[in-house]
Protein chains: 2
Amino acid sequence: MKDIARDLGVSQMTVSKALRNHSDISEKTRERVLKRMRELNYQPDWIARSMVTKRTYLVGLVLPDLMHSFFAEVAGGVTRKLQPLGYQVVISNTEENAETERTHVANLINRKVDGFIIASAQRSGQEEPFRLLDKSEIPYVLIDRLIPGVEATYVGVKDEDLGELATGHLIGLGCKRIAHIRGPNVSTGVGRLRGYRKALTKRKMPVRNEYIVSGQHGDSTGYDAMLQLLKANPRPDGVFCYNDPVAAGAIKAALELGMRVPEDIAIIGAGNVHYSDLLRVPLSTVDQSSSIIGEKAAELLSERMESKKPLPVERVFIPPRLVLRESSNRRTA
Amino acid sequence: MKDIARDLGVSQMTVSKALRNHSDISEKTRERVLKRMRELNYQPDWIARSMVTKRTYLVGLVLPDLMHSFFAEVAGGVTRKLQPLGYQVVISNTEENAETERTHVANLINRKVDGFIIASAQRSGQEEPFRLLDKSEIPYVLIDRLIPGVEATYVGVKDEDLGELATGHLIGLGCKRIAHIRGPNVSTGVGRLRGYRKALTKRKMPVRNEYIVSGQHGDSTGYDAMLQLLKANPRPDGVFCYNDPVAAGAIKAALELGMRVPEDIAIIGAGNVHYSDLLRVPLSTVDQSSSIIGEKAAELLSERMESKKPLPVERVFIPPRLVLRESSNRRTA
DNA sequence: TTGAAAGCGCTACCAT
DNA sequence: ATGGTAGCGCTTTCAA
């Protein structure tokens, strides 16, 4: 930058302003500066700039599991929106570990990212990362998972509605003994479970504890959970699974035990991941508009990053939507 | 930092050194500094530090498609290795677009990342990002895809071997008319195609052009490619697909047309993505050790980032490994 | 073992 | 429309 100024016989200031299309710099000078800049192949130093402006144009995207394509899609939505605005996205994969999440968030705060989008792996009662965030005054948006006790802008579905929708669908199919493979102890897991209970209760169907087993994330665990479920007597004839990966594992287990899906047991998941249609039995699911969640979150965050004063907390709920495929394709009994 | 110094009646320098365990600062002083640091909840400013040290502890990870779980797994491997060393990983998703890749790489160079790991979407003849990189002197490691004309450290499989292995397997099964759904015009696509040809030629089997169709990435395209393939007369009885997502689509198409897999047509993919076992027909595939690729690349890169002088170019080839499942489970004819 | 001075590359602020 | 001064928060170099 100094070189350009020297070469052109103007001050460094003029150059600095010209490069940023600052208020009133004559067209002519700007042209000259830009020309020389290209000649020298000069690129402004983001770090030095950040140091004085206090803006890094970095955004932290904190996700529990990149391998789960729901989150990969969210990440796609976020970057698609944020890149054109000049932000770079730093993805932190917490592997569903609250402690990892805490350190990553602390790190990113030190790095002075301009904002956060977080699908948190914190269990209830652990709000430390959010206290750090609030203290740092860096704006952030929660996605997918709400954290009790944390008042923050959020984008996601109402998980209770999702659970009720899925369970209600199974009931409508004529299933009499509906089980649930539940997720982890975060708002999504808890909410979907609550929706499941609610749907049953509303129709005056009993909620049986042996029909609720834990699945967590991943494929093999859905498999294990289903094996356990099928030990119950009588066996369930419908299962609402916490998410699609779990459901995929569940289908595998059911088939291995010689059951037919959906004839003997109907199965529905959640998330509508891209390969659900290609599974052993194409999977009915509840779509959560994953990439829209990412885009919307990016939008809300960028408003908050641009704004001088803190913007009000906003909660955006995206309506869940049934996607029916073979795994629940059954005539009403 | 100044505050700590003032409070303790020492110089800012002493504090700076104490915090970095610099050479010889008395134990006592260090303790005092650390204590006060915790009290004030002080965190060093990475940006200011970067400005003078010229190290950002950021690594750019440039991938063509996060939705493809092969790359998601690679990303997992990379971050798992790099986080503990104090690096943050900035993931850039180029969506298989050479132009996007170019701008992202340029951006990240400006941001002074310390190194790059790249699975490039550049087609042959486009080496611009790499010329930028070479000029910037930032170390980088290529993964998965080699770029002709770019001499760089690389981690991946020998795609020709992979193609030969997969095709050879189909031949061993007794398939007589083996087709290939080929990938994009990058080293992986080209190499696998070459391996396919080689395997056939070696066994003196004919290479028929109508048995080679283009699949690209994604699910529906594998589906489309298979539909096209099945118009051939006679129909192929074995297909080697560029990767698992393509193969998943291909299976769907074959089944829809009433063919049995593997009885009428055997199918094999590549990449061993995590859901391959859960597909309509569990998919035989060639494993590429995706997360090991990520880890190894991270290792090579960190050596190069720590080293003062440029380290020699290294090429690490991970041997491909057959994973046999139902989609190619057939008695030898 | 500790500290003072200088400067990294840029921009904010205020003058001209 | 242009420029001078100061300073962001840290580290490096060299002196005490």
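Order of the sequence lines sets the chain letters (A, B, ...), proteins ahead of strands, with each chain counted from 1. In this text, all values refer to a predicted model and were calculated from it rather than measured experimentally.
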Measure the distance from CD on Gln12(B) to P on dT11(D) and round it to the nearest whole Å.
-> 9 Å

Whole Å only: how far is the CG atom of Asp45(B) from the C1' atom of dC10(C)?
-> 14 Å

Arg30(A) and Ser26(A): side chain donor to acceptor below 3.5 Å | no

dT2(C) P sits how many Å from Leu19(B) CG, rounded?
-> 14 Å

Can you check whether Thr53(B) has a side-chain N or O nearer than 4.0 Å to OP1 or OP2 of dC8(C)?
-> no

Check the side chains of Thr100(A) and Glu95(A) for a donor-acceptor pair under 3.5 angstrom, ignoring hydrogens and angles.
-> no

Among the nucleotides dC10(C), dG9(D), dT12(D), whichever has the atom closest to the side chain of Arg49(A) is dC10(C)

Please state whether the phosphate of dT11(C), meaning OP1 or OP2, lies under 4.0 angstrom from any side-chain nitrogen or oxygen of Arg20(A).
-> yes

Could you tell me the separation between the CH2 atom of Trp46(B) and the C1' atom of dC10(D), rounded to a whole number of Å?
-> 13 Å

Would you kindly compare Met51(B) and Met13(B) by the position of their nearest DNA chain D nucleotide and give the one closer to the 5′ end?
-> Met51(B)

Tell me which nucleotide among dC10(C), dT2(D), dC8(C) gets nearest to the side chain of Lys54(B).
-> dC8(C)

Verify whether one side chain among Thr188(A) and Asp159(A) offers a donor that lies under 3.5 Å from an acceptor in the other.
-> no

Using atom CD1 of Ile4(A) as one end and atom C1' of dC10(C) as the other, report the distance to the nearest whole Å.
-> 13 Å

In whole angstroms, the gap separating P of dC10(C) from CD1 of Ile47(B) amounts to 15 Å

According to a strict under-4.0 Å criterion, is Tyr42(B) in side-chain N/O contact with OP1 or OP2 of dC10(D)?
-> yes

Between dT12(D), dG3(C), dC8(D), which nucleotide has the shortest distance from any of its atoms to the side chain of Val52(A)?
-> dC8(D)

Is the distance from OP1 or OP2 of dT11(C) to the nearest side-chain N or O of Ser16(A) less than 4.0 Å?
-> yes

Protein-nucleotide distance (Asn110(A), atom CG; dG9(D), atom C1'), rounded to Å = 13 Å

Establish, with yes or no, whether the OP1 or OP2 oxygen of dA4(C) is under 4.0 angstrom from a side-chain nitrogen or oxygen of Ser11(B).
-> no

Donor-acceptor pair between Asp144(B) and Tyr154(B) side chains, under 3.5 angstrom | no

By salt bridge (Lys or Arg N to Asp or Glu O under 4.0 Å), Arg6(A) pairs with (sequence neighbours left out) Asp3(A)

Taking the nucleotide of DNA chain C with the closest heavy atom to each, which residue, Val10(B) or Ala48(B), is nearer the 5' end?
-> Val10(B)

Whole-Å distance, Lys28(A) NZ to dT2(D) C1', equals 13 Å

When we call it a touch if two heavy atoms are under 4.0 Å apart, what does Lys17(A) touch: a base, just sugar-phosphate, or nothing?
-> base

So what does Ser50(B) hit on the nucleic acid, given a heavy-atom distance under 4.0 Å: a base, only sugar-phosphate, or nothing?
-> nothing

